[in-house]
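Reminder, nothing fancy here: chain letters follow the sequence lines and each chain counts from 1. Remember, predicted model here, so these are calculated numbers, not experimental data.
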Amino acid sequence: MTRDELRILIDAELSNIAPEADPTALADTADLRGELDIDSIGFLDLITALHASTGVDIPDIDAARLTTRAMLLDYLAARAS
Amino acid sequence: MGIFRMPSLGADMEAGTLVEWLKQPGDALKSGDIIAVVETQKGAIEVEVFEAGVLDRFLVQPGATVPVGEAMAEIRGDGEALQPRPAVTASEAVRPPAPSPIASVARPPAGIVVASPAARRLAADQGLDLAAITGSGPDGAVLFTDVEAVLKHPPKPKPIEKPPVAKGQVVRPITGIDPLAMRAAIGTAMARAKREIPHYYLAHSVEIGIATDWLARANATRQPAERLLAAALFIKALALALRKLPEFNGFFRDGAFIPAERIHVGVAIALRGGGLIAPAIHDTDTLALDDIMARLRDLVSRVRAGRFRSSELSDPSITLTSLGERGVDLVMPVIYPPQVTIVGLGTPRLRPWVIDGQVTARQVIDASLAADHRVSDGHRGALLLASWAEFMQRPEAL
């Protein structure tokens, strides 16, 4: 998966969790949970969906540190086949 | 012969509008089947049937507003013969609900069209402008039937064109929740709580480091879909604490407390557009943590989509409101009538905590409780919070 494909995937999943927001308007370095008002279950849903669609293992201890789109992109791009 | 009636989906509900039947005459029914979708102030609710048999005939048609308790369909018991009988028209079976003096407190500001969710959906599907439709509901609200009437007899033959969608713009799905109606419903229920229920309040700081450490260990080896959140532990600990203190689990009706036979913890879930809803997790005390977590995730996803089941809304026997990880320290919650207790949990934080005379950093959460003084006293309320705190120290037993 390319970085651009991952970006589209991440934004689509963010749209599912925060249907009224426009994730594409968000800076790569913005705090996703704060900016989009995503609660613990919403964030877990995001990680679950990204794990399912990329096959990348995202241990809980890592997931807690992936607070921005840039961090998610770096993490997934380094591990996605 | 059984009768399927409009259920009460909360203390504030007087009537609901039938959106659609999901079963047809002749269909076999078992307890728990979803028979219809009913529109209320809380959005479109999937209504379950709690009787086995065969759906015989409908007494009301989609679009009809049906008072709580009124017959909607007849259900034939197994083996009972089908009997011919004259058809009942919707107007015979249904009478309009009595107007509520409180329902009008949340009058919308001028310039906003008040319309039921089903009316909004129908109007959007048909490309009609709601503002151009005369509403027959409370405060002139546009109802499903008003939109239908316009479709049958359009005053102007020219349909209003939908605004063009700019390239790249995402079209949002319409959910079944009308924010103004939801606000009015919350206002009605909370005004009644503040007017009728003599609340008392307690708060207790609880160290939950053992539970959060246990959770981190449990999640380390789990894939995301199987992971647990602290909320599942909070909910289970409350359900177990209630077993010993039944006077906090039940309803105050007609001047007396009626204990609930089962423990259905209602979990307050904030809606993204504002408002909240507290559907029940049934028989919470008997469920494993994994089951509670699965139910929680299912509830939250359906809250996002605006679809709930009638039993989840009608029968929580207590409510838990948890502020989550990005909230504030302490919540002073308001009881949802006719329940008699609501437990609140603030945001857990690392705080200075004294153990064996030494100050150390520990995960601490502020638990609070509001309960009905007509039913219980502060001493017993304190026992409930203390019992919850005790269960949180033994997460492996939850």
> Heavy atoms only, distances under 4.5 angstrom: which of B:E226, B:M293, B:E325, B:R222 has the most pairs with chain A? Name it, please.
B:E325
> Might you point out which heavy atoms bring B:R272 and A:I17 nearest each other, and give the distance in Å?
CD-O, 3.4 Å
> Below 4.5 Å, heavy-atom pairs only: which of B:A220, B:P224, B:A225 has the largest tally toward chain A?
B:P224
> Report yes if the side chains of A:T48 and B:Q223 come closer than 4.5 Å at any heavy-atom pair, otherwise no.
no
> A:A52, A:G42, A:G34: which one forms the most heavy-atom pairs within less than 4.5 Å of chain B?
A:G34
> Quick check on A:I58 against chain B: is it the side chain, the backbone, both or neither that has a heavy atom closer than 4.5 Å?
backbone
> Side chain, backbone, both or neither: which part of A:D45 has an atom under 4.5 Å from a heavy atom of chain B?
both
> For the residue pair B:R227 and A:P59, what are the closest heavy atoms and their distance?
NH2-CA, 3.5 Å
> Are the side chain of B:R326 and the backbone of A:R33 linked by a donor-acceptor contact shorter than 3.5 Å?
yes
> Report the distance from atom CG of A:D39 to atom CG of B:L323, rounding to the nearest 0.5 Å.
12.0 Å
> Atom CD1 in A:I41, atom CG in B:L296: separation rounded to 0.5 Å?
3.5 Å
